[in-house]
Protein chains: 2
Amino acid sequence: MHDSDSPRFYPLPVHEEPEAVRLRTWVQLARTFYRIEQSISARLAEKELTMAQFDVLATLRYSEGVTQKELAELLLVTKGNVVGLLDRLQKLDLVERRADPDDGRANRIHLTARGRRKLESVLPVHDRLVLRTLDCLDQQEVGTLRRLLKSLEQAL
Amino acid sequence: MHDSDSPRFYPLPVHEEPEAVRLRTWVQLARTFYRIEQSISARLAEKELTMAQFDVLATLRYSEGVTQKELAELLLVTKGNVVGLLDRLQKLDLVERRADPDDGRANRIHLTARGRRKLESVLPVHDRLVLRTLDCLDQQEVGTLRRLLKSLEQAL
DNA sequence: AAAATATAGTTTACATATAAACTATATGCA
DNA sequence: TGCATATAGTTTATATGTAAACTATATTTT
């Protein structure tokens, strides 16, 4: 009902119900994600990239030559979405589609030289921001957070 | 570079660099959020609601009578976004805009009877799914997760 | 080989989302 | 009072995002 640090003019409940804590934890997860995402997006915008575009380039860095279907799986989005992302990135000359010689249906996606340069220029900026954001947690807390999030993801 | 539980055929690095751990923790946060969000969205779709629409109704439950600007702040989105959300929800007769008698520019947003019924029917389904998702963590872990996420959000 | 089925990518219709320009009303100040 | 400025909501242009239908190519089955 209120943040622990907000002004209160009524008695504190001794403890929240476990169910309420669980529900609020999901809300907190969403809020925290949104906030960090917006902060990263703002920084990427200075470099003329959207978050989705950065995700594509960063994924291709270690997975060049994937098909669009594989790219969609790596990005956790639909293949229809990938079509539009690649259309725009291709128009910016940051990636290219190469016809798969062994499968007439498939494209293999590659970074262009320009795409690689763009990524090299943006990655340090992106990473510095993420690191600074996580600086409020000590090393052990970060490890714990990562472990708990991973458990949550795997429970699905 | 790999999940701790994935098969490995090469020596394990004794530990990842703290910077790599921090970067991967952000990626994990994003992945976990996406996964849970998609699972909730799928459930809401059975009830003919999008996640954004559910967020509006759930927010109005405890904040009826807010202005569109206030609603935008509560939802962490722009006021332009709120216009479209309300247009569609109004067309579905789930919310209504009431002109503020004290400010000719402002609208006060209210749930309709239909909107209230819809929310009552959807909330239990939503909450059960969230609770079940968090069931893989014990009570203490949930508390820790919530605390760490809140620290992260407040660091921005 | 021919027909049935599956798969990769595209298209379409729609719902979010943003930033920035625009409109109408309030507010502050000279 | 009357002008300057601020604020609430809308509109516009653009980028995501989904689900579902569609096209073209592979694969499987008979």
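Labels below follow one simple rule: chain letters A, B, ... track the order of the sequence lines, proteins then strands, and each chain is numbered from 1.
Rounded to whole Å, the distance from CG on B:Leu86 to P on D:dT11 is 13 Å. Rounded to an integer number of Å, the gap from CG of B:Asp87 to P of D:dG9 is 13 Å. Whole-Å rounding puts the B:Leu49 CG to D:dT18 P distance at 19 Å. As a whole-Å value, the separation of A:Gln68 CD from D:dA24 P is 16 Å. Rounded to whole Å, the distance from CG on A:Leu57 to P on D:dA15 is 15 Å. Going from atom CD of A:Glu46 over to atom P of C:dA19 covers 13 Å, rounded to whole Å. Per the geometry, CG belonging to B:Asn81 stands 8 Å off P belonging to C:dT16, to the nearest Å. Atom pair B:Arg35:CZ and D:dT18:C1' shows a separation of 16 Å (rounding to whole Å applied).
Among C:dT10, C:dT16, D:dG17, the nucleotide with an atom closest to any side-chain atom of A:Lys79 is C:dT10. Listed candidates were D:dG9, C:dT16, C:dT10. Nearest to the side chain of B:Arg88 is C:dT16.
Contact check on A:Arg97 versus A:Asp87 returns a salt bridge, with a Lys/Arg side-chain nitrogen under 4.0 Å from an Asp/Glu carboxylate oxygen. With salt bridges taken as basic N to acidic carboxylate O contacts below 4.0 Å, none links B:Arg114 and B:Glu96. Using a 4.0 Å cut-off between charged nitrogen and carboxylate oxygen, A:Glu141 and A:Arg146 do not count as a salt-bridge pair.
Within the 4.0 angstrom heavy-atom criterion, no nucleotide atom of any strand lies near A:Glu37. The residue B:Thr50 sits close only to the backbone: its heavy atoms come under 4.0 Å of sugar-phosphate atoms, none of a base. If you check every strand for non-hydrogen atoms under 4.0 Å, B:Val77 touches sugar and phosphate atoms only. No contact: A:Glu70 has no heavy atom under 4.0 Å from any strand. Using a 4.0 Å heavy-atom distance criterion, B:Thr67 is classed as a sugar-phosphate-only contact.
Listed pair A:Gln38 / C:dT18 meets the phosphate criterion, a side-chain N or O lying under 4.0 Å from OP1 or OP2.
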Please lay out, stage by stage, how B:Val66 and B:Leu60 fare under the test side chain to side chain contact (heavy atoms under 4.5 Å, CB included).
CA-CA 8 Å; B:Val66 289; B:Leu60 286 177; 4.0 Å; yes

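Position along DNA chain C of the nearest nucleotide to B:Thr78 versus A:Lys69 favours A:Lys69 as the more 5'-ward residue.
Residues meeting the salt bridge (Lys or Arg N to Asp or Glu O under 4.0 Å) test with A:Glu64, sequence neighbours left out: A:Arg116.
Residue B:Glu120 places its CD atom among more than 12 non-hydrogen atoms of other residues, nucleotides or ligands, all under 6.0 Å distant.
Nearest heavy atoms, A:Leu86 versus A:Leu71: CD2-CD2, 4.1 Å.
For residues 90-116 of chain B, proximity to DNA chain C is found at B:Asp103, B:Gly104, B:Arg105, defined as any non-hydrogen atom under 4.0 angstrom from a strand atom.
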